[in-house]
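Note: hydrogens, waters and symmetry copies are ignored here, and every other heavy atom, side chains too, is used. Naming: A, B, ... by sequence-line order, numbering from 1 per chain.
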There are 2 protein chains.
Amino acid sequence: MGQASMTRRRPALGTLATDLRLACMRISRRIRLESGDDVAPHQFSVLVRLDERARSIGDLAATERVSAPSMTRTVNGLVERGLVARADHPEDGRQVIVSLTDLGRSTVKDTRRRRDQWMAVRLGVLDADELEVLRRATAILARVAAE
Amino acid sequence: MGQASMTRRRPALGTLATDLRLACMRISRRIRLESGDDVAPHQFSVLVRLDERARSIGDLAATERVSAPSMTRTVNGLVERGLVARADHPEDGRQVIVSLTDLGRSTVKDTRRRRDQWMAVRLGVLDADELEVLRRATAILARVAAE
DNA sequence: TATTGTTATACTCTATAACTATA
DNA sequence: TATAGTTATAGAGTATAACAATA
């Protein structure tokens with residue numbers, strides 16, 4: 001019924017929603033599979049958070065919506081690989097502050113570069129008009145994603 | 001260097017690649033997290049394959065790029081939940097043919113409907129010009145995703 | 001006493017190696 | 001002998017419950 005009333009108001013909005021959703025999900029999936037990431041998705045997500053700023057274990061667990069023990073495990077794995085470092089909180093002795101190492105920072109940068117490259121190669125075959133459509137669409141999609 | 005030569009040929013193509021990639025990945029991530037899927041991602045992926053046609057365990061394992069024992073496990077879980085059924089291959093007694101049950105088929109349909117609904121709600125706030133841009137962009141993105 | 005993080009334990013999904021049944 | 005699938009076992013990821021250290 002939601003579908004029916006929408007279709008009545010805006011012809012073919014349902015089709016657009018389906019096609020756009022599928023295109024976004026397929027592109028996202030292929031980037032994940034084909035850009036040769038060297039860390040697992042859940043690890044990369046933590047590295048990106050730490051690229052913004054250093055965070056405690058609890059902060060990371062809440063941000064990533066996993067339990068504290070899971071985050072302890074993930075952080076330990078990243079420490080073993082030399083991608084992040086642990087430090088005592090200056091005032092609160094209970095907290096552990098996790099931050100990126102230089103290796104961690106360059107891993108984030110390299111992964112982003114490879115992903116952007118994947119997309120850039122595919123945009124490279126498009127003509128000027130198509131690129132202009134995508135430029136306008138990207139601004140709209142960014143708002144949709146941020147909402 | 002690839003980046004530099006691209007930028008020389010097509011101003012700001014690198015920025016478009018980055019922004020478009022991020023928008024697609026964020027939308028895809030939010031759909032996955034927020035549309036209330038009732039099966040896990042690897043399970044849903046198998047259901048979608050079986051929605052195309054019935055397949056053997058080996059076929060599914062190759063298509064999903066997991067090992068045969070992993071696919072045996074995944075299929076067993078789906079059988080327990082009543083979403084797929086196993087059957088003997090008519091000629092080759094070694095093979096097991098897996099197909100969707102009615103419940104499995106409606107699960108695929110419902111999951112897709114909820115995902116489309118997520119996107120449709122967000123498209124609902126856009127104006128006619130913005131929707132027209134997204135319509136044109138979707139056709140281009142579908143080609144990019146299929147390439 | 002409340003909060004932060006770790007340890008203990010268990011469940012799921014992944015894999016490889018070894019095995020069974022069939023071609 | 002080769003192929004399809006299962007069972008055995010192990011390695012990560014997830015979780016909750018119980019615990020230690022600190023506020």
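With W118(A) as the aromatic partner, R114(A) does not meet the cation-pi criteria of under 6.0 angstrom to the ring centre and within 45 degrees of the ring axis.
When rounded to the nearest whole Å, the span between CZ of R55(A) and C1' of dG5(C) equals 18 Å. Remark: P of dC13(C) and CD of E80(B) are 10 Å apart, rounded to the nearest angstrom. The CE-P distance, from M71(A) to dT3(C), rounds to 20 Å in whole Å. The CZ atom of R81(A) sits 12 Å away from the P atom of dA12(D) (whole-angstrom rounding). Atom CG in N76(B) sits about 11 Å away from atom P in dC13(C), given to the nearest Å. Taking atom CD on E64(B) and atom C1' on dC13(C), their separation rounds to 13 Å, with Å as the unit. When the P atom of dT3(D) is taken as reference, atom CG of D59(B) falls 17 Å away, rounded to whole Å. Residue D88(B) contributes atom CG, which lies 12 Å from atom C1' of dT22(C) at whole-angstrom precision.
Checking dT16(D), dT14(C), dT14(D) against the side-chain heavy atoms of H42(A) singles out dT14(D) as nearest. Here the nucleotide nearest the side chain of V66(B), chosen from dT7(D), dT14(C), dT14(D), is dT14(C). Here the side chain of S70(A) is nearest to one of dA15(D), dG5(C), dC13(C), namely dA15(D). Among the nucleotides dT4(C), dG5(D), dT14(D), the one closest to the side chain of Q95(A) is dT4(C).
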| When you look at E64(B) and S45(B), which way does the side chain to side chain contact (heavy atoms under 4.5 Å, CB included) test go after all the steps? | CA-CA 8 Å; E64(B) 295 296 306; S45(B) 190; 2.6 Å; yes

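H89(B) comes within 4.0 angstrom of nothing in the nucleic acid, heavy atoms only. Residue contacts for E91(B): at a heavy-atom cut-off of 4.0 Å it reaches the sugar-phosphate backbone alone, with no base atom in range.
If you take CZ on R105(A) and CG on L47(A), they are separated by 10.5 Å, rounding to the nearest 0.5 Å.
For the pair I97(A) and A54(A), the tightest heavy-atom approach, listed with the atom from each and the gap, is CG2-CB, 3.8 Å. Closest of all the heavy-atom pairs between A145(B) and I27(A) is CB-CG1, 3.7 Å. Considering every non-hydrogen atom in both L20(B) and L123(A), the closest pair reads CD2-CD2, 4.1 Å.
OP1 or OP2 of dT14(D) has at least one side-chain nitrogen or oxygen of T74(A) nearer than 4.0 Å. S67(B) has a side-chain polar atom (N or O) that falls below the 4.0 Å cut-off from OP1 or OP2 of dA15(C).
Of the charged side-chain nitrogens involved, none lies within less than 4.0 Å of a carboxylate oxygen, so that E147(A) and R143(A) do not count as a salt-bridged pair. Salt bridge status for D110(A) with R113(A): present, with a side-chain N to carboxylate O gap under 4.0 Å.
A donor-acceptor pair is defined here as one N or O able to donate and one able to accept, closer than 3.5 Å; no such pair exists between the side chain of R135(A) and the backbone of L16(B).
Each of R73(B) and A68(A) has a nearest nucleotide on DNA chain D; the 5'-most of these lies closest to R73(B). Comparing G77(A) and D92(A) by the nucleotide of DNA chain D that holds the closest heavy atom to each, the one mapping nearer the 5' end is G77(A).
A chain of hydrophobic side-chain contacts below 4.5 Å, direct or via other Ile, Leu, Val, Met, Phe, Trp or Tyr residues, connects V98(B) to V108(B).
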For DNA chain C, the expected dot-bracket line (Watson-Crick or G-U under 3.5 Å, [ ] crossing, | inter-strand) is |||||||||||||||||||||||

Protein-nucleotides 18-21 of chain C N/O pairs under 3.5 Å:
none

